[in-house]
Structures are given as C-alpha cells and as structure tokens.
Amino acid sequence: MILNVTDLIKKKTNEMSFDLELDISKLQRDDFVVELADKLKIKGTAILDGEDILLKGTIKTKIKSFCSRCLAPVDYPLTIDFEEKYSKKQGEDIYMITEDRINLEDMIIDNIILSYPAKILCSDDCKGLCPVCGKNLNEGQCECLKDVIDPRLEALKQFFKGD
Ligand SMILES: [Zn+2]
Ligand SMILES: [Zn+2]
C-alpha cells in the first residue's frame, strides 16, 4: 500500500492523482482486524503543501461483518472520504513520508476504525433472534413467544373481568 510521491518531493509537479485497487483479504493492526469482502479502492489527489503533502480522496470497500440483531454474516459497504497530512517531520495527526514514498496502510486503518458503524443490520426490518431459544426469527416464528405472552394475556383478561 505504497504511494510513490517522488514527483511531488522533487517538486516536478504540485499535484498528482492516484487510483489504487488493493486485492487484500484483511487489514490488521495490533488488536484491530477487519476482513474485506471486496477489493479496497483508494483514489484521490496528493497535493504539495510546502514541504508536506496533503492527501485527499475516497476509500471504498466492503467489510465482512455480522448483523447486530441476528448475527447473520453481512458484507457491509464502506465509502470514506479522507483528508490527511503527510510530512517528513513528525507531529500530531501527521503521517510520515519515508524516502519518496507514502505508506497508506495506517491512514486507511485509522479511517476505517473512525467510520466503523456501531450497528450493522442485515436488513432494516431484521427480526433478530428469539431471546429464549435463539432461533433466527427472519426464518420463521418459534413457539417461545406464544408461551411467554399467553399467560400474561390470560392474567389481563382475568383482571378486566373482575373490574
Ligand atoms: Zn439480521
Ligand atoms: Zn424461541
């Protein structure tokens, strides 16, 4: 995941566009692992900013995840716009330029972590799992719900009768 920025460093140009397609199955850093269900596409523009380089663009991929309600596997599409600074000098929120190259991996992982959805659903109307028997309710109703609700309804009927 290396972007060659020699032309910018040597000031042959002020701006260069890039369009990369990475055929990788996962991204990993320390405890963070994300499996990819599609190629990772990253495109944008690298702009010379004094001695630094400003990188603007879009990351597009699909991540392998699970439905928060029914746990079914979901390939979740991610489109992330980014704007980051790269420099030969270290600093806060700055990525490093090493030689004439930029390693995109850290920046990509940071951006995926930042925009990772808190909740992923297989569909907006996912019915989830039965809390009693664990059956996937998208595949059909189980018997538990009746058993839980019926006695309560019965008690309610008795209550209204007595009123
Ligand atoms: Zn679901
Ligand atoms: Zn059930």
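Just so it is clear, the model here is predicted, and its values are computed rather than measured. Note that ligands are numbered from 1 as they come in the structure, with each ligand's atoms numbered from 1 the same way.
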Notebook entry, point to check: For the side chain of K39 and the backbone of K62, is there at least one donor-acceptor N/O pair under 3.5 Å apart?
Noted result: no

Next item on the list: Please calculate the SG(C67)-the Zn ion (ligand 1)-SG(C70) angle and round it to 10 degrees.
Entry: 110°

Notebook entry, point to check: Going by atom types alone, do D81 and T58 pair a side-chain donor with an acceptor below 3.5 Å?
Noted result: yes

Item checked: Angle at the Zn ion (ligand 1) (to 10°), with one arm to SG of C126 and the other to SG of C122 -> 110°

Notebook entry, point to check: Please state the angle at the Zn ion (ligand 2) spanned by SG of C130 and SG of C133: what is it, rounded to 10 degrees?
Noted result: 110°

Next item on the list: State whether R29 and D110 are salt-bridged, where the test is any N-O pair (Lys NZ or Arg NE/NH1/NH2 against Asp/Glu carboxylate O) under 4.0 Å.
Entry: yes

Under 3.5 Å, sequence neighbours excluded: what are the donor-acceptor pairs made by side chains of residues 63-75?
{"unit_1": "S68", "atom_1": "OG", "unit_2": "I120", "atom_2": "N", "d": "3.0"}
{"unit_1": "S68", "atom_1": "OG", "unit_2": "I120", "atom_2": "O", "d": "3.0"}
{"unit_1": "R69", "atom_1": "NH1", "unit_2": "C126", "atom_2": "O", "d": "2.9"}

